[in-house]
Amino acid sequence: MASSPIIIGSERSEAGLLEGARLLAEGATALDAVEMALQLCEDNRADHYVGTGGLPNARGEVELDASIMVGSSRAFGAVGGLKNFPHPISVARRVLEVLPQHCLLVGEGAELFAEEQGFTRAELLTEESREMFREALIPSRESVEGERTLAAPGDDIYRQAALDLVKRFRPHDGPWGTINVLALDEYGELVVGVSTSGYPWKYPGRVGDSALPGAGNYCDARFGGSACTGRGEMSMRVTGARQVVDALARGLSPEEACREMLADAATLPDKFRAELRVLCLTADGRHGGAAGQTGSTYNVVDVRKGELEVRARVVL
Ligand code: GLY
């Protein structure tokens, strides 16, 4: 059954979803709509889990992961641990389009590619995110008073505090996490995009589920697309987004498919357990989301109406 164009997104996709919907209404492709919606989210400095202003790793460096997947071809482009470029979703799209012999570039290679492709470098750590990093990682501000740069004699204490924090993985005040955007265009194409700065204070080089096909992102135009936010290590361990699409293929409803994946993830041991959430959009325009906690929502824009609706996710 054909559906009119639709775009959905996780919490805090509001920064870009209406613009993505506007493009779809003008006949743009889902690929363009998803990229634009996520670019705007990446530019939202009030959001500390994506793009510019994203929270840094344990060394105080912002490392970004993003991916984009096209449902008809299952083509996938992604970057992991990308520093110094503010739109990882666009670099991921460029991997998909101009480097089809590969799916994922990380770290230095991803930076080299972004530069070759003409993307502009930018400082990703804002004053606010730098301050949040300091607040979180320095146990006693007095103990390093006067040593407020990252390279300072207090570095050993600082590094130890960072490592302790990485081990404890204290959850941040919400709403937090990666941003997912899923869109179906008037041509019947389905696209899923994911962008994140990953876990705050993560071990340098840690790449999460957002950059991985099957884990944080999966899209198959025969059945649907799915994307995850939250504790990426869990969606990697259960290949969460792929599980949801497989469940759609078995005939489960969007909500049932999302809930089934979270139920599987919940059976695994994980001493850093934190919230994992998931969304899906079917090839005929149905959608749903699930979360481990009540009060979690997702955003939907039916392109014909052009209004953003907030929907509740089912709770595991
Ligand atoms: N889900 C995002 C991350 O774990 O990095």
Side-chain angles (χ1 to χ4, degrees), residues 9-13 38 41-42 47-51 53-59 61-69 76 78-83 88-89 91-92 104 106-107 110 124 129 133 136 165-182 192-219 225-244 258 261-262 264-266 268 270-280 289-293 296 298 313:
S10 57
E11 289 93 337
R12 294 168 304 96
S13 62
L38 281 168
C41 295
E42 289 167 347
D47 186 333
H48 294 295
Y49 301 93
V50 65
L55 290 170
N57 66 19
R59 277 191 190 141
E61 301 160 327
V62 181
E63 292 182 322
L64 303 174
D65 300 340
S67 65
I68 195 156
M69 186 160 184
F76 184 86
V79 289
L82 178 67
K83 295 180 197 167
I89 193 64
V91 186
L104 167 63
V106 301
L124 302 180
S129 52
F133 174 64
L165 204 90
V166 167
K167 284 185 196 142
R168 282 185 281 130
F169 257 17
R170 287 168 62 91
H172 234 263
D173 289 342
W176 76 285
T178 302
I179 299 188
N180 308 145
V181 175
L182 299 80
V192 177
V194 181
S195 186
T196 190
S197 50
Y199 253 74
W201 343 132
K202 62 193 171 187
Y203 200 94
R206 179 266 189 187
V207 173
D209 63 322
S210 306
L212 301 181
N217 183 341
Y218 198 69
C219 191
S226 176
C228 301
T229 61
R231 178 137 170 74
E233 280 70 9
M234 298 311 287
S235 56
M236 287 191 253
R237 287 166 67 189
V238 300
T239 53
R242 173 69 197 240
Q243 264 206 44
V244 171
C258 289
M261 186 280 280
L262 290 191
D264 182 38
L268 301 183
D270 179 32
K271 70 178 179 174
F272 302 105
R273 187 169 294 286
E275 177 75 344
L276 177 63
R277 280 164 285 155
V278 64
L279 282 182
C280 70
Q293 295 174 355
S296 291
Y298 67 101
R313 295 177 191 249

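Read the numbers this way: they start at 1 and go in the same order the structure lists the ligands and their atoms.
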### atom 4 (O) of ligand 1: nearest protein contact (heavy atom, Å)
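Protein heavy atom at minimum distance: R206 NH2, 2.8 Å.
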### Query
Which residue holds the protein heavy atom closest to atom 2 (C) of ligand 1, what is that atom called, and what is the gap in Å?
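I find the closest protein heavy atom is T178 OG1, 2.9 Å.
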### Task
Would you mind running through ligand 1 and noting each atom that sits below 4.0 Å from a heavy atom of G230?
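Result: 1 (N), 2 (C), 3 (C), 4 (O).
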### Message
Which of the numbered atoms in ligand 1 are under 4.0 angstrom from any heavy atom belonging to G232?
### Response
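In order of numbering, the contacting atoms are 1 (N), 4 (O).
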### Query
Hey, does S210 sit under 4.0 Å from ligand 1 if you only count heavy atoms?
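Yes.
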### Query
Do R237 and D270 touch side chain to side chain, with heavy atoms closer than 4.5 Å?
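Counting from C-beta outward, R237 and D270 do come under 4.5 Å.
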#### Entry: Proximity winner for atom 3 (C) of ligand 1, if only heavy atoms of D209, T196, L64 are counted
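The option holding the nearest heavy atom is D209.
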### Task
Give, for atom OG1 of T196 and atom CD1 of I89, the distance between the pair rounded to the nearest 0.5 Å.
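It is 11.0 Å, given to the nearest 0.5 Å.
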### Task
Report yes if G198 has an N/O atom closer than 3.5 Å to an N/O atom of ligand 1; otherwise report no.
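Checking ligand 1 against G198, no N or O pair falls under 3.5 Å apart.
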### Task
Could you point out which residue of T178, V194, T229 forms a side-chain contact (heavy atoms from CB on, under 4.5 Å) with S10?
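Exactly one pass, corresponding to T229.
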### Message
Please give me the minimum heavy-atom distance between R12 and I179, naming the atom from each residue.
### Response
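Heavy atoms only, the tightest pair is O-CD1, 3.4 Å.
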### Query
If you take all heavy atoms of L276 and C228, which pair is closest and at what distance?
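Heavy atoms only, the tightest pair is CD1-CB, 4.3 Å.
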### Message
Between K202 and S197 (side chain of the first, backbone of the second, donor and acceptor by atom type, cut-off under 3.5 Å), is there such a pair?
### Response
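Yes, K202 side chain to S197 backbone: donor-acceptor pair under 3.5 Å.
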